[in-house]
Amino acid sequence: MHPAGDRTAWLLGGDATCHDPGPRPRRPWHVILLGPPGVGKGTQAARLVGELGACHLSTGDVFRAACRGSESTPSPAMAEALATMRRGGLVSDDTVVALVRERVRCLCCHHGFLLDGFPRTVDQARALDAMLAGVGTQLDRVILLDADEPTIVHRLSGRRVCATCRANWHIESHPTRIDGVCDTCGGALIQRDDDRPETIHVRLEAYHAAADAVIGFYRDRGLLATIDASAPPAEVFARIVAALPGAAPGALLH
Ligand code: AP5
């Protein structure tokens, strides 16, 4: 199981169902996490899942899960998406929107959601609006995590991921007790293909080419909260909780 809850329906799509999604929250939260690669979206999502009881819906995780499911040959669109991802570029809007549409029931799940990595373009944001309207779900907040480029490059180049349970570590700011071994499950730590120095800069450029328009899209709708994410994870987390409408920092939300 993913350390932050069962996300089988999201990761596999189709008819797959979650077996152990965790306790049902008092209210479902519908939150988008925006921000550059490596700013800490996944780190904060894992914490927020525990606090809000919402599901962590990451489009990047769907692509990585498809990459690992190597028994079946990926569709041409998925093969192209995975090649684009390895280069650090953005996957086409058509492919990403089709992937989310296939998982639309996750957008009306009674656990709520934390969308991470989607939408990344205005066309994706418009498509999401239409999907949410179709299932009668309204967004509560769009959180933009912000940090300067040296901080981001440092976070990405030092990130290590457990090959078994996918837990996220950092060689300096969040190291494991034994070098290269996951504290959570004992699995081997690996570096993501797209965390290599030559790819990090391509990813940052791809992000910046589309980000301002998406940020403006949600600012115009009064949903955007910008958080300085350069602080340690616990502090960033407290800032995010304080930016959620009706939530008190430190209070258990579900
Ligand atoms: P995706 O998986 O979404 O990656 P990303 O947006 O590039 O974000 P990351 O997962 O790299 O970083 P993060 O912000 O989650 O940081 P983390 O918490 O791990 O997308 C990958 C690719 O898929 C894309 O490049 C694209 O090709 C494709 N794709 C996906 N969605 C798409 C879409 N909608 N449209 C088109 N293409 C799409 O933190 C990083 C490190 O920093 C960790 O080691 C962590 O321990 C450390 N850290 C985190 N917070 C802190 C802190 N506060 N202090 C110190 N260290 C910290």
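As the structure lists them, so they are numbered: ligands from 1, and atoms in each ligand from 1. This is a predicted model, so every value here is computed, not measured.
- Residue G40 places at least one N or O, backbone or side chain, under 3.5 Å from an N or O of ligand 1.
- Close contacts between ligand 1 and G89 involve ligand atoms 25 (O), 26 (C), 27 (O) [criterion: under 4.0 Å to a heavy atom].
- Counting the atoms of ligand 1 from 1 in the order shown, those under 4.0 Å from a heavy atom of Q124 are 33 (C), 34 (N), 35 (N), 36 (C).
- For the pair G117 and ligand 1, the shortest N or O to N or O distance falls below 3.5 Å.
- The line from CG of L34 to OH of Y218 is 7.0 Å long, rounded to the nearest 0.5 Å.
- Between P119 and ligand 1, no pair of N/O atoms sits closer than 3.5 Å.
- In this structure the side chain of C67 reaches within 4.5 angstrom of the side chain of R86, judged on heavy atoms.
- Heavy-atom contacts of V96 reach the following atoms of ligand 1: 33 (C), 34 (N), 35 (N), 36 (C) (cutoff under 4.0 Å).
- Both the backbone and the side chain of V91 come within 4.0 Å of ligand 1, counting heavy atoms alone.
- For D220, the CG atom sits in a packed shell: over 12 heavy atoms of surrounding residues, nucleotides or ligands are nearer than 6.0 Å.
- Taking only nitrogen or oxygen atoms, main chain and side chain alike, G38 reaches within less than 3.5 Å of ligand 1.
- For T121, no heavy-atom contact with ligand 1 is shorter than 4.0 Å.
- Proximity to T59 (heavy-atom distance under 4.0 Å) selects the following atoms of ligand 1: 30 (C), 31 (N), 32 (C), 34 (N).
- When side chains are defined from C-beta on, I240 does not count as touching V31, because their heavy atoms never get closer than 4.5 Å.
- Screening R155, R160, R159 against D195 for a side chain to side chain donor-acceptor pair (under 3.5 Å) leaves a single residue, R159.
- Every atom of ligand 1 is numbered from 1 in the order shown, and the set under 4.0 Å from a heavy atom of S173 is 55 (C), 56 (N).
- At a heavy-atom distance under 4.0 Å, no atom of A45 approaches ligand 1.
- Tested against Q124, the residues D129, D93, T59 include a single side chain to side chain donor-acceptor pair (under 3.5 Å) partner, D93.
- Of the N or O atoms in R120, one or more lie within a sub-3.5 Å distance of an N or O in ligand 1.
- Atom 7 (O) of ligand 1 has as its closest protein heavy atom R203 NH2, 2.6 Å.
- Of all non-hydrogen atoms in M131 and R101, the two that sit nearest each other are SD-CA, 3.7 Å.
- Shown in contact with H170 at under 4.0 Å from a heavy atom are these atoms of ligand 1, numbered in order with element: 44 (O), 46 (O).
- Of the protein's non-hydrogen atoms, M85 CG, 3.5 Å is the one closest to atom 22 (C) of ligand 1.
- At the top of the distance list for atom 53 (N) of ligand 1, counting protein heavy atoms only, stands A231 O, 2.8 Å.
- Of all the atoms in ligand 1, the ones that sit under 4.0 Å from a non-hydrogen atom of R64 are 2 (O), 21 (C).
- Residue D61 places no N or O, backbone or side chain, under 3.5 Å from any N or O of ligand 1.
- A salt bridge links R7 to D61: one of the charged nitrogens lies within less than 4.0 Å of a carboxylate oxygen.
- The single protein non-hydrogen atom nearest to atom 54 (N) of ligand 1 is R155 NH2, 3.3 Å, given as residue, atom name and distance.
- Only backbone heavy atoms of W169 (N, CA, C or O) come within less than 4.0 Å of ligand 1; its side chain stays farther off.
- Heavy atoms of P232 come nearer than 4.0 angstrom to ligand 1 in at least one pair.
- Residue contacts with ligand 1, taken as heavy atom pairs separated by less than 4.0 Å, do not involve Q44 at all.
- Counting heavy atoms from C-beta outward, I143 and L114 have side chains that stay 4.5 Å or more apart.
- An N or O contact shorter than 3.5 Å is missing between D116 and ligand 1 by distance.
- Residues L204 and V153 have side chains in contact (heavy-atom distance under 4.5 Å, counting atoms from C-beta outward).
- A cation-pi geometry, defined here as NZ or CZ lying under 6.0 Å from the six-membered ring centre and within 45° of its normal, holds between R221 and F217.
- Ranking protein heavy atoms by distance to atom 9 (P) of ligand 1, first place goes to R159 NH1, 3.3 Å.
- The heavy atom nearest to atom 4 (O) of ligand 1, out of those in K41, E235, R192, is found in R192.
- For atom 45 (C) of ligand 1, the closest non-hydrogen atom on the protein side is T43 OG1, 3.6 Å.
- T43 has its side chain out of reach of H174: every pair of non-hydrogen atoms, C-beta onward, lies at least 4.5 Å apart.
- The closest approach between P233 and ligand 1 falls below 4.0 Å for a heavy atom of the residue.
- When side chains are defined from C-beta on, L156 counts as touching R203, because their heavy atoms get closer than 4.5 Å.
- Residue F113 forms a side-chain contact (heavy atoms from CB on, under 4.5 Å) with just one option from V49, L57, L52, and that option is L57.
- Each of the following atoms of ligand 1 lies closer than 4.0 Å to a heavy atom of G42: 13 (P), 15 (O), 18 (O).
- For the pair S230 and ligand 1, no heavy-atom separation below 4.0 Å is found.
- The neighbour count for E198 CD, taken as heavy atoms of other residues, nucleotides or ligands under 6.0 Å away, is above 12.
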